[in-house]
Amino acid sequence: MINRAANRQANKIFLRACIGTAIALPLLVALPHALSVYWQSVLVLFTINAVSLMGYRLITTMGGWSFAHISTAGLGAYTTAVLTTLETPWSFWATFFLGALIAGAFAMIIAYPVLRTRHYYFFLSTFAAGEALRQCYVQFSGITGGTYGISFIPRPEPILGMDFGNSTGFYYLALALAVVVGLLLYRFDLSRLGNTIKAVAANEELSESIGINTWALRTLPFVMGSVVAGFSGVLYANFNGLINPLDFSSVLMFKLVAAAIVGGVATFWGPLVGLLYLTALEEVFRDFTQWIPLLWGVSVLAVILLAEGGLEMVIIRLVRRARRWWGSPGDRPPGGARQRR
Amino acid sequence: MQIVANIIFLSTFYVSFAVGLALVFGVMRTINFAHGEFYMFGGYALWMLINAFTGILPPGATFIVALIVGAAVVGILGILVQLSIFHRLREQPFSIFMATLGLSYVLQVAVVKAIGPMGQSVPAPFPGFILFEGMVLPIQRLVVFGFTVVMMGGLYLFLMHTDLGRAVRATAQNRTGAMLQGISMNHIALTTMFVGSALAAISGVLMGSVLIISPFMGGEALWRAFIIIIVGGIGSLSGAVVAAFLFGIIDTLMTTFGAGKFAPMVDAIIMLLVLSFLPSGLLGARE
Amino acid sequence: MAILEVDNVAKRFGKLAAVKGISFEIPEGQIRGLIGPNGSGKTTMFHLISGFLKPTSGDVRFQGHSIKGKRPHQIAKRGLVRTFQLTSIYREMTVRENVAMGHHVHAGRRGARSRPSLERLPQFGTVDESTEWILDFMALSDDAETTARLLPAGMQRVLSIATALAVRPTLLMLDEPLAGLNPTEKISVAQKIASLRDHGITILLVEHDVRSVLSVCELITVIDFGEKIAEGTADEVTSNPAVIEAYLGKPARHDA
């Protein structure tokens, strides 16, 4: 049986997002030309983090907040770092996909134990698994360079005349990935499968009883989100040129989690709003680097205690109020089953 | 024989850290992520008091003072956290968990800014060694071991033989049942947070006397504690003790045989295996 | 032919024997009641049949095939669907979204999965039409756009049955469908259950309260202490001394 009404609705929303992207794209393409070199690199890192965060948000739709996401991204980073710095180096483009694949494979392996846990229990088990993976980066120094990491990671070789050696060129690569991943994941979020995943998160027992393979539908977003993390890790390594285990430490994981909390995860855009906020905070206080985790922590506390649901809910409420003010009927906020925290 | 001594020293460390976390979890049904920072505060309490009282008090006496002061101050901090976070977010365990995660970074950075990111160490308050049956036993280690045993004994007496402790246990086992018997949840939550936080601080003072004290010591201890309480069975105090000894043995043996750097990985793999085949842990209650 | 055969099923939790070798069969098209005092093992029995628990020994056959050890979603896909004692719904979805979600096993394929015994249920090509029909049938149409958690308890119970119905079960197992409802709601839900049977669905329902099921069930199986103590029509069961003792003999056990 086909659910025509829901399909039509999803297609309509997705079309609107595509049009929005198409309108925004020229602006995004022009953006680096208006920025200094410093801000260009901030922009690239923001885009890479945004990709990682879109994968993270997908994982949260199944009801689990992973704390292994950044270590998983590290698998992508180390894959490309190791293989492109060999004596006979691999092509970046081969490692690009291989890195994502390895990250996905790791998620698949740990899925069996960690997906047996729920809520904060899931968070703890992924925390431990992720930390163990990070320890591998430190300890298997023959491959990973230990605490010093790997340096002289080359930028991607040019394709179609695109040069990725400078920040602007690399930004276009990151932007292309962000747009492709973003649109794919957004359509997935709206799809029947995406809604079924949220239904499993909302009520696992009921879902199982109406014939939903809840195990598969918890594993799928976890693995997909980790593949996306792998892509972001590959780009991070190639952009930075050097990586070490500290690039995948729990403080940076906390940044992703904080973005998801501060922005909210009910809508697709929530975490990105959160990331924008955290990045802005980081740049405003860039002369006080040591204080930044504290500012993130305070933001998380403030949102949890004062603005339940995150900035996205604040925005949705404001939009609704504005609409009422103008007398037009308010839409229901997107996203089918909103999960409870 | 030295191995046995090392196992016991390491295990008591794991026990003293993980038990407070498990206690708080049992009653509050959520993890206090800032537990590691409370432990770190214990370490700094010792460091500050030793610095302040050098030449005024004998170091051994300062050590005892640090235990008391650290436990009291951090216990009160636990009460503040209970009032400001746990109570406001009651019935939302996941929000509490995330809020304490945020708090842990706030506290960590506060210490980095106030004291500095560098590790500190204090001279052993009880210096010297005992040679016994071929074992080298630093006296400070023995003192730490002794105090951990006293601490565990005190906790046991509190939980088993006082009305308040019995109420705490009743709440951990069956929240609704406890409420029906007229036990005040607020009261129990405050008690648990005070005791759990004080235990973290005591553990911090004890370990601060033998390890490096740094703003990041809490985070490092915390992830090992997660593994311990997951393997032991979340919320089970006896499970935490058993798992602490299990990992004490494994980690000591690995260190002894030159594979110490792989211990964190092996521990995590053990945790993943336990989750695969015994999802509720060694001694955890069936869900 | 029996649609469900429960063959000497037992379940132990450690040292505790919750179900001690129970057998019964349900013929196609029957409304069967499974009753017993609190703690007698009926909910455990329900979990054992629907796959949420695995029997320690014995076998469960559905339409002649063993379903022992199958996962709940696999069993549901075959057409054996259960509801839960504490009403289970997607609280944040609308009533319509709940029922549409119930179509999961049929969605994305051409037509519904075939269920020979269900020819009396109307056939639909799309989830929308089927959802509409179910909402209408269960008298939920007026509340179709209401968020499920805002419904009164009785309506939530009806919604959980409607969602189960969307799977197009051949055997529908209802866990205490009448408990906690007011008398008017009880009558209306009981009528719905009877009419589901008229549409060709076999029904097994668990109840704690004997009186409320007597009028609905054609045959009643009584269990106590994990064992079957009686089976028969309403009149036979209510006059059975073992049943009377189970319910009246030890009133102290009702606090379980």
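The chains referred to below are lettered A, B, ... by the order of the sequence lines, with proteins before strands, and numbering in each begins at 1.
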Q | Atom group of S50(C) that falls short of 4.5 Å from chain A, counting heavy atoms | A | neither
Q | Minimum heavy-atom distance N195(A)-M101(C), with the two atoms named | A | O-CE, 3.7 Å
**Q.** Distance-minimising heavy-atom pair for L206(A) and F84(C)
**A.** CA-CE1, 3.9 Å
(Q) I'd like to check T214(A) versus H73(C) (side-chain heavy atoms, cut-off strictly below 4.5 Å). Are they in contact? (A) no
Q) Do you know which two heavy atoms are closest between E208(A) and A76(C), and how far apart they sit? A) O-CB, 4.4 Å
Q: Working to the nearest 0.5 Å, report the span between CZ of R82(C) and CD1 of I210(A).
A: 13.0 Å
(Q) Give me the atom names and distance for the closest heavy-atom approach of N203(A) to I89(C). (A) ND2-O, 3.2 Å
Q.
With rounding to the nearest 0.5 angstrom, report the CG to CZ distance, D128(C) to R8(A).
A. 7.5 Å
Q.
Please find the pair of heavy atoms, one from M93(C) and one from A199(A), that lie closest to each other, and give the distance.
A. CE-CB, 3.6 Å
Q) Considering the options Q74(C), K77(C), R71(C), H104(C), which one meets the side-chain contact (heavy atoms from CB on, under 4.5 Å) requirement together with N213(A)? A) R71(C)
